[in-house]
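Take a look at the structure below.
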Amino acid sequence: MQKNQRLTIKWLASSGLWMCLLWMSVAQASVVTTGWLSDPHHPPVETRFVLTGQTDAANGTVAGYLEVRLQPGWKTYWRSPGEGGVAPSINWQDSANIAELDWQWPVPQRYDVLGVETIGYAEDVIFPMTIKTEDFSQPVILLATLSLSSCSTVCVITDYPIDLSFIPSKLTPSEPDMRRYAQALSTVPQASSLAVIESAIWDADQSTLQLVLSNAQGWDKPDLFIDGDSDAVRDSHFSRPDISIAGETLTAQIGVSSWFGQPDLAQQALTVTVTDNAVLSEHSVQVQSGIMSAQTGHGLLVMFGLALLGGLILNIMPCVLPVLGMKLSTVLTAEKQEKRQIRLQFLASAGGIISAFWLIALALVALKLSGQAIGWGIQFQSGAFLAVMVLVTFMFGANMLGLFTISLPSGINTWLGTKGGKGYAGHYAQGMFATFLATPCSAPFLGTAVAFALAGSVGNLAVIFTGLGLGMALPWMAIALFPFMVRWLPKPGAWMGKMKVLFGLMMLATTLWLLTLLAPHWPVWLLWLAGIAGMSLIVWRSVKVFGGRPVGVLSSVFLLFSAAALLTASLTAAKWATPLPPEPSWQPLNVADISQQVAEGNTVFVDVTADWCITCKANKVRVLLQQPVYDAIQQPGLVRMQGDWTIPNDAVTAYLQANGRFGVPFNIVYGPGAPQGIALPVIYTSEDVMLAIQQAQGG
C-alpha cells in the first residue's frame with residue numbers, strides 16, 4: 001500500500017497536479033511536520049521530522065530537525081555507534097527537488113550495555129537537518145525512510161516513513177521550532193581554534209592511537225570521540241580514551257580494534273570531536289605512523305631523562321670530537337686560575353650549549369608552525385649554514401695553531417675563546433659551536449626524545465630540548481660546581497703546546513670535512529678554489545709566524561712520514577686489515593613501490609641517510625658493509641631502497657615523519673611477514689639487521 005502511494009505521488013508530480021496539492025497543504029498549516037511517527041510493534045520510540053520555516057534563498061536551503069523521543073532505558077546511536085549498535089540513517093533518494101540532506105550530530109554520550117561500550121543518545125534528542133534544494137522556487141517533496149536502531153537489553157531496528165511536501169518560498173517561520181532548532185544546533189560541535197591538535201600518532205605495534213591537544217584555557221573533564229569516512233576508520237572501534245593532562249596539554253591514548261583483523265590507521269584522515277566544559281569542537285587530522293610516547297606527566301619526565309642521557313652521550317660522539325680540543329685546552333689552563341674564574345668560564349660554556357639548543361628549538365617551532373619540514377640536523381641541509389661552519393672551524397683551527405689573533409670591535413676580545421683571560425664570550429661561543437657541530441650525530445636515546453619533542457606540543461619541544469642542552473652541558477656544569485676536579489688533570493707543561501697544535505689540526509680536518517658537504521650546493525671548481533685558498537693562507541701565515549725554515553722542515557717530515565705510512569700500510573694491510581667491499585647498489589626511495597614489492601613476496605630494506613650524518617656512516621662501516629649483513633642485503637628477493645636527506649627532500653621528510661622519525665639514520669625492513677615494517681634502532685648491530693630481515697621474510 002505504501003509503495004502504491006509513493007508511485008501515485010510521483011505520477012502527480014510528473015503531471016503537474018502536485019503543485020496544487022502542495023499549495024493547499026502549505027496554506028492549511030504554517031508548520032510543516034510529519035507529526036509523531038511510531039511503530040505499534042516497537043512503542044518505546046517515537047520520531048518526527050519538522051521544518052522550522054527558516055530558509056535561505058541565496059543558498060537554496062531550508063532548516064529543519066529530526067526529533068527522536070525514547071522511553072527510559074532505551075538509547076539510539078551516534079554516527080559512529082561504538083563497539084556495538086547501528087548508526088541511524090535516512091534514505092531520501094525518492095525525493096524530488098532535493099540536492100542534499102545535511103544531517104548534523106549533537107555531541108553524544110558514552111553508555112555501557114552488558115560490558116559493551118556504545119556511543120549515542122538517551123531520552124529526547126534533536127538532530128538539526130538542512131535541506132538543500134535544486135531549485136528554491138519550485139515545490140519540494142521529501143520522500144524518505146528513516147532507519148533507526150534503538151537498544152536497551154535488546155536492540156531493534158525500525159523504519160519510519162517521512163513524507164513532506166512544501167514550497168520553500170511559502171514557508172512561515174515557527175518560533176517554538178526555531179528555538180528548538182537553535183538549541184540543538186548549539187550542541188553540535190563546530191570547527192574551533194580553542195583546542196588545537198598538536199599530533200596524531202598511530203603505533204601499529206600496540207594498536208594504539210595517541211592524540212596530543214593543547215588548550216590555552218586548560219582542561220577540566222574532557223572527552224574525545226573519533227570517527228572518519230574511510231573504510232579503515234569506519235571498520236575500527238575506538239575505545240574510551242585514556243587521558244592525562246599536564247597544564248594546557250592533553251594526551252590521549254586510544255586503543256583501536258576491528259572485527260576485520262589488524263587495524264591500520266597510518267595516513268588515515270580522522271574527525272576528532274572534543275568536548276569539555278568550555279570546549280565543543282570538531283577537528284580533522286591526518287594520522288602519522290610512529291612510536292607512541294608516554295602519555296602522563298611521568299612520561300614527560302621519562303622523556304626528559306632520555307633527553308638528558310642523549311645530550312650527555314653527545315659529548316663523546318664523533319661530531320663533537322673536533323671541539324674537544326678547545327675544551328681540553330681550556331681545562332688544561334684552568335688550574336692556574338681562581339675557582340671563581342673557573343666556575344664562570346665553565347658556566348659560560350654550559351650556557352652556550354643550552355642557548356644553542358634553545359635556538360634550534362625556536363627555529364624548529366617556527367618551521368613547524370609555518371608547515372615546513374622539521375628534523376634533527378636539518379641545518380646541515382643548508383649551504384649557507386655549512387659555509388659559515390667552514391669559516392668558523394677554519395678560524396678556530398688557525399687560532400689554536402697560533403696563526404691568527406682574533407680581536408673583534410666594541411671591546412669583545414677573544415670572541416672565540418682560545419686566549420683565556422677573564423673574557424667569557426669565547427667560552428660561551430665554544431659551547432654554542434659544540435652544539436651546532438653535534439647535530440649530525442644521533443646518539444642512543446636521542447632519537448626517541450627528539451621524536452617525542454617534534455611530534456608533540458611546543459611545550460614538550462621546549463622541555464625536551466632543554467633536557468638535551470642540560471645533558472650535553474653536564475660535564476662542564478660539574479666542573480663549574482666542583483672546580484677542584486681540575487686538580488685531577490695532568491700538570492701544565494711544554495706538552496700542552498704540542499697538544500694545542502694537535503687540536504688545531506683536528507679542527508682544520510673538520511673544516512675539510514665540512515667543505516666536502518658543500519658539494520651538493522657549490523660547483524666543484526669553487527670547492528677546490530676554496531680549499532687551495534685556505535691551505536695557501538695557512539702556509540703563508542705559518543711562514544710569517546714561525547719562519548720559512550721550521551715550516552719547510554715540518555712539511556718535509558710530514559710528507560715523508562705520510563709516504564712511509566702509506567707504503568707500510570699497503571705492504572702489510574693483508575695481515576692486519578680487511579678492506580671494505582664496494583657499497584651495494586641502491587634504488588631511490590619509492591614509498592608507493594614498497595607495498596607492491598611486498599605483495600610480490602619480496603623483502604625491502606630501506607636506508608634513509610645523509611652525507612653529513614656521522615652515525616649513518618658509522619652504521620654503514622660497522623654493519624652494512626660487514627658479513628653476514630653485506631651478503632644478506634644482496635640476496636635475491638631483497639630490494640634495497642635509499643632515501644637521501646643530504647639536501648632538503650620533501651618526499652624523504654614526509655616518509656620520515658610518517659614513521660614517527662625526525663632525523664637520520666632511519667632503517668626499516670618490510671616483507672611478507674612484516675608489511676608495516678620493522679624499524680631498526682638508531683645505532684644497530686648485525687644481529688638487529690639479520691633478525692629484522694628474517695622476521696620480515698616470514699621466517
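Remember, predicted model here, so these are calculated numbers, not experimental data.
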Under 3.5 Å donor-acceptor, [X] side chain and [Y] backbone:
X    : Y    : result
T130 : A63  : no
S258 : D235 : yes
D276 : V279 : no
T52  : Q54  : yes
T33  : F49  : yes
T145 : P161 : no
D227 : L270 : no
D135 : S137 : yes

Which of these, T76, T158, D39, L70, sits in a side chain to side chain contact (heavy atoms under 4.5 Å, CB included) with V45?
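The passing option is L70.
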Q210 and its side chain to side chain contact (heavy atoms under 4.5 Å, CB included) partner, picked from D242, D203, T251:
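Passing option: T251.
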With rounding to the nearest 0.5 angstrom, report the [atom1] to [atom2] distance, [X] to [Y].
X    : Y    : atom1 : atom2 : answer
S147 : D159 : OG    : CG    : 4.0 Å
I98  : L143 : CD1   : CG    : 9.0 Å
I126 : T187 : CD1   : OG1   : 8.5 Å
R179 : S174 : CZ    : OG    : 8.5 Å
I162 : M129 : CD1   : CE    : 7.0 Å
Y111 : T118 : OH    : OG1   : 8.0 Å

Quiz question: by atom type and distance under 3.5 Å, do the side chains of [X] and [Y] form a donor-acceptor pair?
X    : Y    : answer
S230 : Q268 : yes
T133 : N97  : no
T208 : Q253 : no
Q267 : Q288 : yes

Would you check if [X] and [Y] make a side-chain contact, meaning some heavy-atom pair closer than 4.5 Å?
X    : Y    : answer
L66  : L146 : yes
H42  : S150 : yes
L37  : T34  : yes
L142 : I131 : yes
Y77  : I119 : no
D264 : S236 : no
I157 : L148 : no
I90  : L101 : yes

Would you sort out whether L211 and I254 count as a side chain to side chain contact (heavy atoms under 4.5 Å, CB included), showing the intermediate values?
CA-CA 8 Å; L211 298 173; I254 304 161; 4.0 Å; yes
Is the CD atom of E175 crowded by more than 12 outside heavy atoms at less than 6.0 Å?
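Incorrect, the count does not exceed 12.
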E123, CD atom: more than 12 neighbouring heavy atoms under 6.0 Å:
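Atom CD in E123 is not crowded, with 12 or fewer foreign heavy atoms closer than 6.0 Å.
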If you compare all heavy atoms of [X] against all heavy atoms of [Y], which two are closest, and at what distance to 0.1 Å?
X    : Y    : value
Q217 : L194 : NE2-CD2, 3.5 Å
T603 : A696 : CG2-CB, 4.2 Å
D223 : I243 : CA-CD1, 4.3 Å
L265 : A232 : CD2-O, 4.2 Å
W103 : P88  : CH2-CB, 3.6 Å
V598 : Y670 : CG2-CB, 3.8 Å

Is there a side chain to side chain contact (heavy atoms under 4.5 Å, CB included) between V125 and W105 once you walk through the steps?
CA-CA 10 Å; V125 58; W105 301 83; over 6 Å; no
May I ask you to say whether [X] pairs ionically with [Y], meaning some side-chain N is under 4.0 Å from a carboxylate O?
X    : Y    : result
E282 : R79  : yes
K132 : D102 : no
E67  : R180 : yes

How far apart are the C-alpha atoms of V652 and V608, what are their side-chain angles, what is the distance that settles it, and do they pass the side chain to side chain contact (heavy atoms under 4.5 Å, CB included) test?
CA-CA 8 Å; V652 174; V608 184; 3.6 Å; yes
Test applied, ring pair (Phe, Tyr, Trp, His ring centres under 6.0 Å); reference residue, F127; option that passes from Y121, Y65, Y181
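When Y121, Y65, Y181 are each tested with F127, the ring pair (Phe, Tyr, Trp, His ring centres under 6.0 Å) holds only for Y121.
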If you apply the rule side chain to side chain contact (heavy atoms under 4.5 Å, CB included), what do you find for T249 with L213, and how did you get there?
CA-CA 6 Å; T249 301; L213 298 89; over 6 Å; no
Just checking, R69 and W36: is the charged tip under 6.0 Å from the six-membered ring centre and within 45° of the axis?
yes
Please verify the inter-ring angle class for F666 with Y655; under 30° counts as parallel, over 60° as perpendicular, anything in between as tilted.
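Aromatic pair F666/Y655 classed tilted.
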Kindly indicate, with the supporting measurements, whether the criterion side-chain hydrogen bond (donor to acceptor under 3.5 Å, both in side chains) is fulfilled by S239 and H237.
CA-CA 6 Å; S239 66; H237 164 61; 5.8 Å; no
